[in-house]
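Okay, structure first, notes after.
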Amino acid sequence: MTKCRLINSTWLCLLVLICSVPANFLAEASRIQDVVARGNLTCGTKQTVPGFGELTNGTVVGFDADMCRALASVLFPETSVETIDSRIEWVGFTASSRFSLLASDAFDVLFYGSTVTIGRDVQ
């Protein structure tokens, strides 16, 4: 993948991410500052779904993993594409545990398919 395509993909992924996260997350500038100060992004991904998040040879691969890498690339622009995984801590979860782990700060951001429901909206 060329650097230009990666940068365009990164911005597209970031735009999708911004449009899909709750407004209260965007208001938490301190969380972003904490992540940058800490030097790594903790990503929650389901690691058993081929094509989206799958642990293969010790590396998480798939669309959800690429979204996390895109966000990390924006947060840590000095890190090269080849070494961005050194800035990411991967946390696996089950579908039923994802929201409780997110609420308990087990990871900074959750990448996994989720629908908006009234019950989730009030959480």
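Values below: every heavy atom of this structure, side chains too, minus hydrogens, waters and symmetry copies. Residues take their numbers from the sequence shown, with the count starting at 1. As the structure is a prediction and not an experimental result, all values here were calculated from the model.
- Under a hydrophobic clustering in which Ile, Leu, Val, Met, Phe, Trp and Tyr are joined whenever their side-chain heavy atoms come within less than 4.5 Å, directly or via other members, Leu41 and Met67 fall into the same cluster.
- Taking both residues in full, the closest heavy atoms of Val36 and Phe76 are given as CA-CE2, 3.8 Å, listed atom of the first, atom of the second, then distance.
- Among all heavy-atom pairs drawn from Ser80 and Thr83, the shortest one is OG-OG1, 2.9 Å.
- The aromatic rings of Phe107 and Phe93 are tilted relative to each other, their planes meeting at an angle between 30° and 60°.
- A salt bridge links Asp66 to Arg69: one of the charged nitrogens lies within less than 4.0 Å of a carboxylate oxygen.
- Between Trp90 and Ala65 the shortest heavy-atom distance is CH2-O, 3.6 Å.
- Cluster membership check: Ile84 does not share its hydrophobic cluster with Leu75, using side-chain heavy-atom separations under 4.5 Å among Ile, Leu, Val, Met, Phe, Trp and Tyr.
- For the atom pair Tyr112 OH and Phe52 CZ, the distance stands at 9.5 Å (nearest 0.5 Å).
- With rounding to the nearest 0.5 Å, the separation of CD in Glu89 from SG in Cys68 is 10.5 Å.
- The hydrophobic cluster containing Ile88 does not contain Val35, counting ILVMFWY residues as joined when their side-chain heavy atoms lie under 4.5 angstrom apart, directly or transitively.
- Among all heavy-atom pairs drawn from Gln47 and Val91, the shortest one is NE2-C, 3.8 Å.
- The shortest distance between side-chain heavy atoms of Asp105 and Arg31 falls below 4.5 Å.
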